Asker: 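Okay, here's the structure, questions in a sec.
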Amino acid sequence: MPLALLALAVGAFGIGTTEFVIMGLLPEVADDLHVSIPTAGHLVSAYALGVVIGAPLLAAVTARMSRRTVLIALMVLFVAGNALSAFAANYDYLLAARFLSGLPHGAFFGVGAVVATTMVAPERKARSVSLMFLGLTVANIVGVPAATLMGQHLGWRATFLAVSAIGLAAIASLALLIPHDHAHAPAVGLRREMAALKSLPVWLALGTTVAGFGALFSAYSYITPMLTDAAGFADGSVTLLLALFGVGATAGNLLGGRLADHSLRGTLFGGLVSLGAVLALFPLLMTTEWSAALAVVLLGVAAFVTGSPLQLMVMEKAAAGPSLASSANQAAFNLANAGGAWIGGLALAAGFGATSPAVAGALLAVLGLGVAATAWSVDRRRAVPVPVPGRERVVATHVPDQAGVLQP
């Protein structure tokens, strides 16, 4: 695999760290800026809103720029957003800085996935995408716990300064390692990028992402009360258990990339079935500590097996203009985050129990499987030519005339 994938993974590591670390620092931020914890929680939503808006917008604006330049520029914006977060004078400034930090997230992964797949042989495309996403999953094992610990001991501002330093390292890596054949503007312009989004298979692939990862976030958003209230873990154990989720996500990401290079759709279907099964078993697995820890790992594996296949499927369905569609898929991931958390919250509010968000997630996984099956059916119908009435194909037969010459 090209060393340039390391540069993409470093950027993904920084993005993954800043996205999730704020959740562990909400008490410190709320206390320092004199706001309530629920109000501080809007910082999570501001980042997600930045991702949803920035992913398609920045991909469209930069459609005619060289992808190497785009990646570096997006990381510069990322560094600026995190540096402004570190020096925010009050809550409103921090809210705006978090929105700014989220803007380059989706476009970086979208454009980065296109660059990753063009640097490898066709049979290694999914693996190349999974190696870029490796930075995101490793951030949940190393980056987020370390940055949270730093914020708790040195102050939350130090955390955002450290993330800015990671962004600077990513800029240097991108400048040194991304091949210069990506330094020229792509032949695909904005019009072709936009036209690719009109395809029904592209929207079905995006819908699979929303439903499939909505299943994950329906459960993961409420994993802490499940582990403490249902499984009986102490509050101090949750951080370690979330690191176990990161281990499972990393394993699932690498496994999904390898399997998808052999069977893209088979890996997607298998991942969604596994995700639905794991979530459906959560009420049983959350009855003891050892089985609950196993459930957290299995959730990470099953969910992230589908990450690379979904990203690659969107890109293949929008082959005429992959950057915008690939970035839109990152917006779909964040819609899944918000939508899954909302649906899981409804299950909790209805009084169905601490593990009910996981059961709701299982139903979303079934929905995702249904959307994926619909996409497969559409692809099959498009692959088989449909006869046009009155223009059926006529097969000519040749009969020799009296002179022995073949005549139709």
Side-chain angles (χ1 to χ4, degrees), residues 7-33 35 40-55 57-58 62 70-112 132-133 135-175 246 327 330-331 333-334 337:
L8 297 173
V10 172
F13 178 81
I15 289 173
T17 300
T18 200
E19 179 180 17
F20 294 110
V21 73
I22 188 65
M23 299 172 188
L25 294 178
L26 288 181
E28 287 77 13
V29 173
D31 183 61
D32 185 49
L33 298 181
V35 296
H42 294 158
L43 297 170
V44 178
S45 303
Y47 184 93
L49 182 62
V51 178
V52 173
I53 293 175
L57 179 63
L58 292 180
T62 60
V70 170
L71 289 171
I72 293 174
L74 290 171
M75 197 49 59
V76 169
L77 184 60
F78 170 83
V79 170
N82 282 279
L84 289 172
S85 297
F87 294 106
N90 55 45
Y91 172 77
D92 291 334
Y93 279 110
L94 181 57
L95 193 69
R98 286 296 292 170
F99 174 79
L100 181 65
S101 300
L103 287 175
H105 176 130
F108 182 87
F109 279 109
V111 176
M132 180 187 69
F133 283 147
L136 182 64
T137 57
V138 170
N140 284 281
I141 305 174
V142 180
V144 174
T148 302
L149 194 64
M150 177 184 290
Q152 291 170 346
H153 287 83
L154 301 178
W156 61 270
R157 297 179 188 274
T159 295
F160 289 113
L161 285 176
V163 171
S164 299
I166 297 172
L168 291 174
I171 292 171
S173 301
L174 292 166
S327 299
Q330 295 303 311
F333 277 120
N334 280 268
N337 190 340

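Keep in mind that what you see is a predicted model, and the values were worked out from it rather than measured.
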Asker: Can you tell if the side chain of Ile166 reaches within under 4.5 Å of the side chain of Asn82, non-hydrogen atoms only?
Answerer: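 When only atoms from C-beta onward are counted, Asn82 and Ile166 do not touch, as no gap falls below 4.5 Å.
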
Asker: What closest approach, in Å, do Thr17 and Ala147 show between heavy atoms, and which atom pair accounts for it?
Answerer: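 Looks like CG2-CB, 3.9 Å.
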
Asker: Excluding sequence neighbours, so at least two apart, what forms side chain to side chain donor-acceptor pair (under 3.5 Å) with Gln330?
Answerer: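 With neighbours one apart ignored, the set is Gln311.
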
Asker: Which residue, Phe99, Phe333, Tyr47, forms the ring-ring contact (aromatic ring centres under 6.0 Å, His included) with His105?
Answerer: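 Exactly one option meets the ring-ring contact (aromatic ring centres under 6.0 Å, His included) with His105, and it is Tyr47.
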
Asker: Drop me the distance from Leu43's CG to Trp156's CH2, to the nearest 0.5 angstrom.
Answerer: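 Rounded to the nearest 0.5 Å, the CG-CH2 separation comes to 8.5 Å.
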
Asker: Closest heavy-atom contact between Leu25 and Gln152?
Answerer: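 Taking every non-hydrogen atom into account, CD2-N, 4.2 Å.
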
Asker: Taking all non-hydrogen atoms of both residues into account, name the closest pair between Gly112 and Leu71 and its distance.
Answerer: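 Heavy-atom minimum between the residues: N-CD2, 3.8 Å.
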
Asker: Just do the side-chain contact (heavy atoms from CB on, under 4.5 Å) check on Leu103 and Leu100 with the steps written out, would you?
Answerer: CA-CA 5 Å; Leu103 287 175; Leu100 181 65; 3.9 Å; yes

Asker: Within the structure provided, determine whether Phe133 and Phe109 are in side-chain contact (heavy-atom separation under 4.5 Å).
Answerer: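 Yes; the side chains approach each other to less than 4.5 Å.
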
Asker: Return the minimal non-hydrogen interatomic distance between Gly16 and Ala139, and the atom names on each side.
Answerer: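 Shortest heavy-atom contact: C-CB, 3.9 Å.
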
Asker: Quick one: does Ser101's side chain have a donor or acceptor within less than 3.5 Å of a partner on Gly81's backbone?
Answerer: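 Yes; judged by distance alone, with no hydrogens or angles, the pair exists.
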
Asker: Can you name the side chain to side chain donor-acceptor pair (under 3.5 Å) partners of Asn334, sequence neighbours left out?
Answerer: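 Not a single residue meets the side chain to side chain donor-acceptor pair (under 3.5 Å) criterion with Asn334.
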
Asker: Side chains of Val144 and Glu19, heavy atoms from C-beta outward: is any pair under 4.5 Å?
Answerer: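 Not touching, per the 4.5 Å side-chain cut-off.
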
Asker: Using the test salt bridge (Lys or Arg N to Asp or Glu O under 4.0 Å), find all partners of Asp32 that sit at least two apart in sequence or belong to another chain.
Answerer: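 Scan of Asp32 (salt bridge (Lys or Arg N to Asp or Glu O under 4.0 Å), adjacent residues dropped) gives Arg157.
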
Asker: So, do Tyr91 and Val29 sit near enough that their side-chain heavy atoms are less than 4.5 Å apart?
Answerer: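 In short, these two side chains do not touch, never coming nearer than 4.5 Å.
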
Asker: Decide yes or no for Pro104 and Met75: does some side-chain heavy atom of the first lie under 4.5 Å from some side-chain heavy atom of the second?
Answerer: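 SC-SC contact between Pro104 and Met75 ruled out.
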
Asker: Does a side-chain heavy-atom distance below 4.5 Å link Phe87 with Leu161?
Answerer: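 Yes, side chains in contact.
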
Asker: With side-chain contact (heavy atoms from CB on, under 4.5 Å) as the test, would you mind laying out the steps for Thr159 and Thr18 before giving the verdict?
Answerer: CA-CA 9 Å; Thr159 295; Thr18 200; over 6 Å; no

Asker: So, for Gly54 and Ala107, which heavy atoms are closest and what is the spacing to 0.1 Å?
Answerer: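 Shortest heavy-atom separation between Gly54 and Ala107 comes out as O-CB, 4.4 Å.
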
Asker: Heavy-atom distance under 4.5 Å between the side chains of Phe20 and Thr148, does that happen here?
Answerer: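 Not touching, per the 4.5 Å side-chain cut-off.
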
Asker: Can you list the steps and then say if Val163 with Phe78 is a side-chain contact (heavy atoms from CB on, under 4.5 Å)?
Answerer: CA-CA 9 Å; Val163 171; Phe78 170 83; 3.5 Å; yes

Asker: For a quick test of reading the model, state the closest non-hydrogen atom pair linking His42 to Leu95 and the distance between them.
Answerer: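 Taking His42 first and Leu95 second, the nearest heavy atoms are O-CD1, 3.7 Å.
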
Asker: Hey, what do you get for CD1 (Ile72) to CG (Leu77), rounding to the nearest 0.5 Å?
Answerer: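 These two atoms lie 14.0 Å from each other.
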
